There are 2 protein chains.
Amino acid sequence: MSLPHAILTALLEKPSSGLELTRRFDRSIGYFWPSTHQQIYRELGKLEKAGHIRVLPAAQPARGQRKEYEVLPAGREELMAWVSLAEDPRPVRDPLLLRMRAAAVVGSAGLAGELRRHLALHRAQLAEYLEIEERDFPPERTSDEDRLRRLVLRGGIDLETFWTGWLTRAIDDLDGPGS
Amino acid sequence: MSLPHAILTALLEKPSSGLELTRRFDRSIGYFWPSTHQQIYRELGKLEKAGHIRVLPAAQPARGQRKEYEVLPAGREELMAWVSLAEDPRPVRDPLLLRMRAAAVVGSAGLAGELRRHLALHRAQLAEYLEIEERDFPPERTSDEDRLRRLVLRGGIDLETFWTGWLTRAIDDLDGPGS
DNA sequence: CGTCATTGTGCAACTTGTTGCATAAGGGCT
DNA sequence: AGCCCTTATGCAACAAGTTGCACAATGACG
């Protein structure tokens, strides 16, 4: 049940059309809840039917005609409730760890290459996050909203740091004693 | 496409019935690819039809009668291919980060409690992993298989360490300057 | 003997996310 | 006018995971 809330959050920050939302997802909320335009349109429809958002007047709706949505009070309340909800962390589900486990059974041929490839990807993501931090969060601007947004970004940074660290050690461990 | 491979891995370690698999998942592979018995039965059916596994003879199959499966050569080859496959990391999808982001917009009431609750859960998971490490991986037993399995476990440990660290800092940051 | 809990297998419906494609308006180019 | 590219909305089919329940065999208990 996260996508509708992600959309509500984005719409509260700024009323938008479906495609605009999709684009903003790509460079902010999408970092930890990616979504395609198809899914977003589908969800916008549901949210509208539920009375959580509505189409801004001014633009008449026709197919291929942009529709701007804004959040209604009911939507905001729904979102507030969701923030304080008790919801357990999702179970980890990681194919790379699984493949490493499989490699313990059928041999690790080809695995090291994958580890290096993933390491490069995670390093790139980490660099991207660090750039955003530098650009959008210069030291000492601490409104409540900024503190929270910065914490979220820190989460991303720390997560990628974990991956790069673990992958580096894993590659060393596989290469080292083996060859 | 990970669940079938998880099952192949588990069956290679030891031929099992559906329920046995489910139980072993709960305490090993399931740590990073959880699955229910329903899903496992469904997937066993598909794997059998694909010729990757087969029912061990000896026990005749009837509803409510246990069926032991074992991996066929084709299944092993499938698994080996999968290990070296190029497969990108799954996109991160984390509701807690999303909720924190939402809190930046609608206020962080109730969020701190959730952070503390998650911290406790991650600490518990970390403790469980550390216990397994101590029990199953005493220092200096380095067959290739053990090295790989230990790396996987290390992944889990490092991941939970990331969470506990980040959550601790986040709670401090929210509590501290705010009150 | 009946029935009741446990073990084991499995179907069906639903939700969420993915992939591929269809449709429509508008602007620029020839 | 005719064509094509971009912007924009959206449907449909599929894949994967979740939830709830049904059915069958078996052994324990009264």
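Lettering follows sequence order; numbering is per chain, from 1. Just so we're clear, the structure is a prediction, and the values are computed from it rather than from any experiment. Below, all heavy atoms of this structure are taken into account, side chains as well, without hydrogens, waters or symmetry copies.
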State whether K46(A) places a side-chain N or O below 4.0 Å from either non-bridging phosphate oxygen (OP1 or OP2) of dT15(C). no

Counting only side-chain N and O atoms of Q38(B), is one of them less than 4.0 Å from OP1 or OP2 of dT9(C)? no

Round to a whole Å and report the spacing from CD1 of I7(B) to P of dT9(C). 13 Å

In this structure, would L121(A) and L126(A) fall into the same cluster of hydrophobic residues linked by side-chain contacts under 4.5 Å? no

Checking only heavy atoms, does the side chain of R42(B) share a donor-acceptor pair with the base of dT19(D) at less than 3.5 Å? no

Closest of dT18(D), dG17(C), dG10(D) to the Y41(A) side chain is dG10(D)

Is a side-chain donor or acceptor of R24(B) paired with a backbone partner of K14(B) at a separation under 3.5 angstrom? yes

Let me know the distance between NE2 of H5(A) and C1' of dT16(C), rounded to the nearest Å. 14 Å

Among dA16(D), dC21(D), dG8(C), which is the nearest nucleotide to the side chain of R66(B)? dG8(C)

Shortest side-chain distance from R93(A), nucleotide among dT9(D), dT19(D), dT18(D): dT18(D)

Any ion pair linking D172(B) and R169(B) (charged N to carboxylate O, less than 4.0 Å)? no

For the pair made of CD in E43(A) and P in dG17(C), what is the distance, rounded to whole Å? 8 Å

Are L159(B) and I157(A) joined in one hydrophobic group, where the rule is that I, L, V, M, F, W and Y side chains link up if heavy atoms are under 4.5 Å apart? yes

With the side chain defined as heavy atoms from C-beta on, L3(B) is closest, among dG17(D), dA16(D), dT9(C), to dG17(D)

Whether R149(B) and D136(B) form a salt bridge (side-chain N of Lys/Arg under 4.0 Å from carboxylate O of Asp/Glu) is what I want to check. no

Measuring from the side chain of H37(A) (C-beta onward, heavy atoms only), which nucleotide among dT9(D), dT18(C), dT18(D) has the closest atom? dT9(D)

Counting only N and O atoms by type, is there a donor-acceptor contact under 3.5 Å from the side chain of W166(B) to the main-chain atoms of L151(A)? yes

Nearest whole Å is fine: how far is dA16(D) P from W33(B) CH2? 10 Å

Round to the nearest Å and state the distance from K49(B) atom NZ to dG10(C) atom P. 13 Å

L47(B) CG - dA16(D) P separation (whole Å): 12 Å

Output the rounded distance in Å from CD (Q39(B)) to P (dT9(C)). 16 Å

Residues from residues 11-32 of chain B sitting under 4.0 Å of DNA chain C, heavy atoms only? S17(B), G18(B), L19(B), R23(B)

Table please: side-chain donor-acceptor pairs of residues 70-98 of chain B below 3.5 Å, with sequence neighbours left out.
from	atom 1	to	atom 2	distance (Å)
E70(B)	OE2	R54(B)	NE	2.6
E70(B)	OE2	R54(B)	NH2	2.6
E78(B)	OE2	H5(B)	NE2	2.8
S84(B)	OG	A81(B)	O	3.4
D88(B)	OD1	R117(A)	NH1	2.8
D88(B)	OD1	R117(A)	NH2	3.3
R93(B)	NH2	P34(A)	O	2.9
D94(B)	OD1	L96(B)	N	2.8
D94(B)	OD1	L97(B)	N	3.0

Rounded to whole angstrom units, what separation is found between the CZ atom of R90(B) and the P atom of dT16(C)? 17 Å

